[in-house]
Amino acid sequence: TKAQFEEVHRMLKLEVDYIHEAENMRLAREIFDPADDIVVPRVFDKYSTARVLTMEYLDGSNLREFLARRPSQASRNAFATKIYDAWARMYRGGIGYADPHSGNYVFMRAGRLGLLDFGCVQRYSSEELELLHMAERLLDEPQLLPAVLRRVGMTEKQVTNKECLD
């Protein structure tokens, strides 16, 4: 329990660290290009500090406003796909977007999706990314399980314990 509270405390501190959030936004902006129709606001460094984050305004609607206009199913599907694509692209780029709720999306004109709030973001090291990719492959390649277990620090005795693997 203590470790969980310490992690929550660490994440809450990051949530109000605007220098950290600005860095996360810059990193996320690099993942997308205009053709993706996924927009991360630009940070205005000149007007930002540790206590103030100034960023580009994204003109659009929140989810409630978007749905109130009764968009077509095709439009809903397109935005849902963009939300998934945004999350997946950031994940594959080493960024865990840890606060993906409806208030952090802006439904913009021409089907563009805006992403907000990069305070609660986990950045994965290359080692962590490699382990995540190994774990993803387990569904198709269950024989990788012993290698994954070794990578996360299990002992050879634990890895070869048939009771644990069955």
Side-chain angles (χ1 to χ4, degrees), residues 1-32 36 38-58 62-64 79-107 113-166:
T1 305
K2 182 179 179 188
Q4 290 171 330
F5 278 114
E6 287 172 358
E7 180 63 11
V8 168
H9 182 257
R10 185 185 73 78
M11 292 306 291
L12 287 174
K13 282 176 53 180
L14 288 177
E15 188 71 28
V16 295
D17 180 346
Y18 295 132
I19 291 171
H20 177 77
E21 184 168 354
E23 290 171 11
N24 291 336
M25 289 174 72
R26 284 188 213 90
L27 188 60
R29 275 182 64 84
E30 291 175 12
I31 291 173
F32 305 104
D36 296 323
I38 297 172
V39 182
V40 176
R42 269 190 322 267
V43 173
F44 296 111
D45 292 320
K46 182 177 179 180
Y47 304 105
S48 297
T49 67
R51 296 182 61 185
V52 175
L53 177 59
T54 307
M55 64 185 128
E56 172 183 25
Y57 174 74
L58 299 183
N62 64 34
L63 179 62
R64 185 177 309 214
F79 274 115
T81 299
K82 281 188 177 80
I83 289 170
Y84 174 80
D85 287 345
W87 182 87
R89 294 265 305 273
M90 286 189 285
Y91 172 77
R92 291 194 182 356
I95 301 172
Y97 188 51
D99 200 10
H101 63 78
S102 62
N104 287 339
Y105 297 107
V106 179
F107 300 84
L113 176 70
L115 304 177
L116 303 175
D117 193 356
F118 287 82
C120 192
V121 168
Q122 174 69 42
R123 293 190 207 166
Y124 301 116
S125 68
S126 58
E127 183 178 328
E128 289 169 323
L129 276 174
E130 185 180 333
L131 182 58
L132 286 169
H133 293 148
M134 283 178 72
E136 287 173 355
R137 292 173 38 207
L138 284 174
L139 287 174
D140 296 322
E141 302 173 61
Q143 69 275 13
L144 290 176
L145 182 58
V148 171
L149 295 176
R150 286 182 190 97
R151 285 291 304 272
V152 297
M154 292 184 91
T155 67
E156 196 59 34
K157 183 177 179 183
Q158 291 169 316
V159 169
T160 57
N161 183 342
K162 293 292 183 196
E163 290 179 19
C164 292
L165 296 177
D166 289 334

Please test L149 against Q158 for side chain to side chain contact (heavy atoms under 4.5 Å, CB included), starting from the C-alpha separation and ending with a verdict. CA-CA 9 Å; L149 295 176; Q158 291 169 316; over 6 Å; no
So, T54 side chain and Y47 main chain: donor-acceptor pair closer than 3.5 Å or not? yes
Applying side chain to side chain donor-acceptor pair (under 3.5 Å), can you list everything that pairs with R42, at least two apart in sequence or on another chain? none
Do any pairs count as a salt bridge (charged side-chain N to carboxylate O under 4.0 Å, His left out) and have a residue in residues 123-135, sequence neighbours left out, and if so which ones? E23-R123, E130-R151
Working to the nearest 0.5 Å, report the span between NE2 of H20 and CG of L53. 12.0 Å
Using ring centroids (six-membered ring only for Trp), state whether Y97 and Y91 fall under 6.0 Å. no
CD-CG distance between E136 and L131, expressed to the nearest 0.5 angstrom: 10.0 Å
Under a 4.5 Å cut-off applied to non-hydrogen side-chain atoms, are I95 and Y124 in contact? no
Go through it in stages, so that I can follow the logic: the residues are V40 and F118, the test is side chain to side chain contact (heavy atoms under 4.5 Å, CB included), and I'd like the CA-CA distance, side-chain angles, deciding distance and then a yes or no. CA-CA 9 Å; V40 176; F118 287 82; 3.9 Å; yes
What pairs with E30 under salt bridge (charged side-chain N to carboxylate O under 4.0 Å, His left out), at least two apart in sequence or on another chain? none
Got a second to check how far R137's CZ is from L132's CG, nearest 0.5 Å? 13.0 Å
Given D36 and D85, is the side chain to side chain contact (heavy atoms under 4.5 Å, CB included) satisfied, shown in steps? CA-CA 9 Å; D36 296 323; D85 287 345; over 6 Å; no
So, does D99 use its side chain to make a donor-acceptor pair with the main chain of H101 at under 3.5 Å? no
Which heavy atom of L115 sits nearest a heavy atom of A86, and at what distance? CD1-CB, 3.9 Å
Below 4.5 Å, heavy atoms only, C-beta onward: do L113 and F79 meet side chain to side chain? yes
Between K82 and I38, what is the shortest heavy-atom contact and its length? O-CD1, 3.7 Å
L63 and S102: which non-hydrogen atoms are nearest, and at how many Å? CD2-CB, 3.5 Å
Least distance between heavy atoms, N24 atom then G119 atom: ND2-O, 4.4 Å
Shortest non-hydrogen contact from P41 toward L58: CG-CD1, 3.7 Å
Say you draw a straight line from CE of M55 to CG of D45; how long is it, rounded to the nearest 0.5 Å? 12.5 Å
Checking side chain to side chain contact (heavy atoms under 4.5 Å, CB included) for the pair L129/R92: CA distance, chi angles, key distance, verdict? CA-CA 8 Å; L129 276 174; R92 291 194 182 356; over 6 Å; no
Taking R89 for the side chain and I31 for the main chain, is one N or O donor matched with an acceptor at less than 3.5 Å? yes
For F44, does the CZ atom have more than 12 heavy-atom neighbours from other residues, nucleotides or ligands under 6.0 Å away? yes
On a heavy-atom basis, the closest approach of M154 and V159 is CB-CG2, 3.9 Å
CE-CG distance between M134 and L145, expressed to the nearest 0.5 angstrom: 9.5 Å
